[in-house]
Amino acid sequence: MLSKKVILLGKYGVGKTSLIRQYVYQKFSEQYLTTIGVKIDKKEVQVQEKSVNLLIWDIAGEDSQTKVPPTYKLGAHAVVYVFDLTRPATYESITKELKQISLELPAIPVWLVGNKSDLLRNNEIDEIIAKVSTKVHFTTSAKTADQVEDLFFKVAKHFV
Amino acid sequence: MLNDVKANFLKASAHFIVFDQDGHCLESEGQLISPNLLKGNLFENFSFLESNRELLSLMMLHDSYSFPCMNVQLEQSKEAYCDFTLQKVLWQRQEANLWMVHDQTEMYLRIMQLQQDRNEKAISGEFFEMKQRALNAERDLLKFKNEELKRQQEFKTQFYARLSHELRTPLHSISGLSTLLSEKQKAHQQAKYLNALQATSRHLLSIVNNVIDFSRIETGKMTWQAEPTALKDLIEEVIASFRYKAEEKRIEIKVTYAEDFPLTAQLDATKLKQILFNLIGNAVKFTDRGYVLLEAALTDKDQEFIELTVIDTGPGIAKEKEQDLFKPYVQLSNNGHVGSGLGLSIVKQLCDLSGGNITYIRPESGSGVTFRVTLPYLLPEKQIDKPSEELPLESHIQKMLIADDDEINCQVLVTYCKKYNIEAEAVSTGKQAIEKLMSNSYDLLILDYYMPNMDGLETLKALKKKELHQKKPVFMLTGSMSPTIKEEVLSAGVKKVIVKPIQPDALIELIRFDVPTDQSGINLDYLYKISDGNALLIKELIKKFLDTVPSDFAKIKQHQDGKDPFALQKMLHKSKINMKYVGMQGAFEKMEKLEETLSSGNVPVNLKLQISDLEKQVNAAVIKLKAEFKSL
């Protein structure tokens, strides 16, 4: 079975832990609990009759990617960069953040995800996506589970 | 002893595991990780190690990596925060992996608490800042709106002051000229006053129209409606209307056309006229010496737009006023010339409405004004044949009835129609109109919307109810430009809504373009079909119609008093088949119905009217068929 290390990055409070909790345990809590360090979760995904073991690293959100210990990113096979659709501060410097990631992890696929879509109307989401200088791959809601499964399936499918 | 203390202390908070490349535990020292978990494959038991399997295979001897603050469950349901270190070591002379686990839960929980507070505060701060930004933006917007309102209010106040002056001036002239005309004057003097009166009235009307147009544009009730338009004729017409004024000012007014400029095109003729009237009107008004030139061309690139450039040699526009050129209520008063301040703003909005634009081109010499308008157009599917003088109006409009309580308006229209050999009758109420239609046939009805007792719409409804409508075109006169009224009137079956005061010339134009010229109901397709395209046969059938039908109708008319219904029935029966040949299905059906009524010995009350109506159709058909006969 394939085992792939997927790391979730992004600023604090964007919902990285909630996305993983929803995806792995189908649970959601409104309460904000900050993550420190790293927590690793595991989920097996079936893609075209093949099993992929996703080892999902929930890395504590920081102001900047430079503050994340480099060893957390070592050997990563994919990056999911999450931002909060309702907080401009989480996507205003996204180009810089992604550039930093590509320097540390060259040739590693990065999925850009706007979370908390349940808090906005479709037209508002479209406006925000238009503001983000890079292509947003998914707009998810950890609360309603919208697009969460799709996101990780897409990541797993990449390895098959 | 101290070594023992140290060992015991480390045993409680640290664990050291040596394992091989396949994940089998070789040695373990510590109590943090349950011995059960150390049995079997460590890569399968610990996600951390599984994640780093590739990394471990690439590490060289003595390489070491630290992973601080790893959130793990060392024992069941006991969450811990540990610092991990992975190191490549020599174990019994073999390369092996060392995993050092240092439990720092207490410290990290304290850090987590601090981090939680810090993040919550930072997130609150972000939202506060966003709220502040939104409030600032809202405040700026309100400030801007307030300033804009103030500016508009100021302009409106000035505008109304100027507008009342603008309205009063021509009204005074009209009043004065009317007084002069009421006095005994020599004929040439009267003509001069009359001309001045007409010009002043037109000026007054244009000011009022501008104000109304502007309000319609502002409320978004105006749309661009493309229709087949005789483009060059329209331009010439506009130019012609300014020729007198230009001659009076001794300035030249000219127009040039690019070779590929289309004769006809699909665009909104009324609005194009408005645009040109405003631009050329301004140019003539402000130019006291030199010329006004209109250049008509197509845009260079794709030729999808017509390009109309109006150039004058007037005093030009002050630089500081250029930015306000197209703003409403802005006056570009030069040399004492004052307008409503809406003209250019209307032109701009009409251009925008069409999908085109208007630009101001600053003159190189410093004087004069150049405006360039581009408007989208489509070539019409068919060229428009403007009715020429050779096609007299009386061929389709011979008689019309006007119902309007404004006697002067009626008098003006009746007199004017006479010039074009149209017999026009006027009545002042809806009731009188109904009475007239009971005994007369008209080709066109003009009803006033507001009439005492019975208004235009009520009159029309009554006519339809009494079957006196005669399916003839109806124009409705109204003093209001309200789209609601227009919609109501058009949906009642009115052909055209005319806004008062109507210029007689404009009425004649409307009759030319809006009343179907062919009232005969001929369908030559039918003729061609039944003759299988045989020209000789077609000619023969047309000849038969021309030879027999007019004389038949002369005889039919002799029986229109209804005294001998059976003789009339026979005549109708004999003649009606000719109608069928030339596709006059309507006339055929009418004759058949009349024949049926007469065969039962009944005479319809409006027999004379029905025959007169049929005769008109026949006369129109004769004209058309003669032309067709010649062409064959």
Side-chain angles (χ1 to χ4, degrees), chain A residues 1-7 10-17 20 24 31-44 52-64 67-78 83-92 108 116 119 128, chain B residues 23 41 43-59 63-73 79-87 102 104-105 107-134:
Chain A
M1 192 196 296
L2 283 170
S3 282
K4 297 290 173 185
K5 176 178 173 180
V6 179
I7 57 172
K11 297 198 172 167
Y12 50 83
V14 297
K16 296 182 290 296
T17 308
I20 297 166
V24 182
Q31 197 190 358
Y32 170 58
L33 281 174
T34 191
T35 305
I36 57 164
V38 176
K39 185 171 188 289
I40 304 167
D41 273 297
K42 193 154 92 167
K43 181 149 177 170
E44 195 180 314
V52 181
N53 209 8
L54 292 182
L55 296 153
I56 307 166
W57 284 47
D58 178 15
I59 299 175
E62 293 288 354
D63 287 337
S64 160
K67 291 185 184 173
V68 176
T71 46
Y72 290 173
K73 299 173 196 168
L74 275 177
H77 297 100
F83 67 91
D84 181 342
L85 287 161
T86 68
R87 283 165 56 206
T90 65
Y91 56 79
E92 275 168 352
I108 298 297
K116 305 192 189 177
L119 297 176
I128 290 159
Chain B
N41 194 321
F43 290 125
E44 285 172 13
N45 295 347
F46 298 98
S47 298
F48 168 73
L49 295 179
E50 191 182 358
S51 302
N52 286 305
R53 194 169 184 165
E54 270 181 27
L55 175 72
L56 288 165
S57 67
L58 296 169
M59 281 168 68
D63 276 357
S64 173
Y65 292 105
S66 297
F67 299 83
C69 194
M70 299 299 296
N71 180 203
V72 285
Q73 277 190 335
E79 199 174 35
Y81 288 92
C82 305
D83 290 337
F84 290 169
T85 304
L86 285 177
Q87 198 174 344
H102 187 190
Q104 300 272 33
T105 305
M107 180 188 79
Y108 281 124
L109 284 176
R110 280 199 297 274
I111 290 175
M112 189 164 78
Q113 191 53 54
L114 290 171
Q115 193 82 346
Q116 176 86 20
D117 292 346
R118 191 200 72 172
N119 288 1
E120 277 176 1
K121 273 181 193 158
I123 292 169
S124 304
E126 272 177 38
F127 282 112
F128 179 76
E129 201 183 312
M130 275 163 67
K131 213 171 177 180
Q132 199 64 37
R133 266 196 243 171

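Since the structure is predicted, the reported quantities are computational estimates derived from the model, not experimental observations. Just so we're on the same page: letters track the sequence lines, and every chain starts at 1.
- Side-chain N/O atoms of A/Ser3 and B/Glu50 include a donor and acceptor closer than 3.5 Å.
- Scanning for ring-ring contact (aromatic ring centres under 6.0 Å, His included) contacts around B/Phe67 gives B/Phe48, with sequence neighbours left out.
- Residues in residues 122-131 of chain B take part in these salt bridge (Lys or Arg N to Asp or Glu O under 4.0 Å) pairs, two or more places apart or across chains: A/Arg87-B/Glu126, B/Glu129-B/Arg133.
- Side-chain polar atoms of B/Asn52 and B/Tyr65 form no donor-acceptor pair below 3.5 angstrom.
- Residue B/Phe43 comes nearest to B/Leu49 through the heavy atom pair CD2-O, 3.4 Å, listed as atom of the first residue, atom of the second, then distance.
- With a threshold of 4.5 angstrom between heavy atoms, B/Glu54 approaches chain A through side-chain atoms but not through N, CA, C or O.
- If you tally non-hydrogen atom pairs under 4.5 Å between each of B/Met112, B/Met130, B/Gln116 and chain A, the highest count goes to B/Gln116.
- Chain B forms more heavy-atom pairs under 4.5 Å with one residue of A/Lys5, A/Lys11, A/Lys42 than with any other, namely A/Lys42.
- Residue B/Arg53 does not touch chain A at all, counting heavy-atom pairs closer than 4.5 Å.
- Contacts between A/Asn53 and chain B at a heavy-atom distance below 4.5 Å involve the side chain alone, from C-beta outward.
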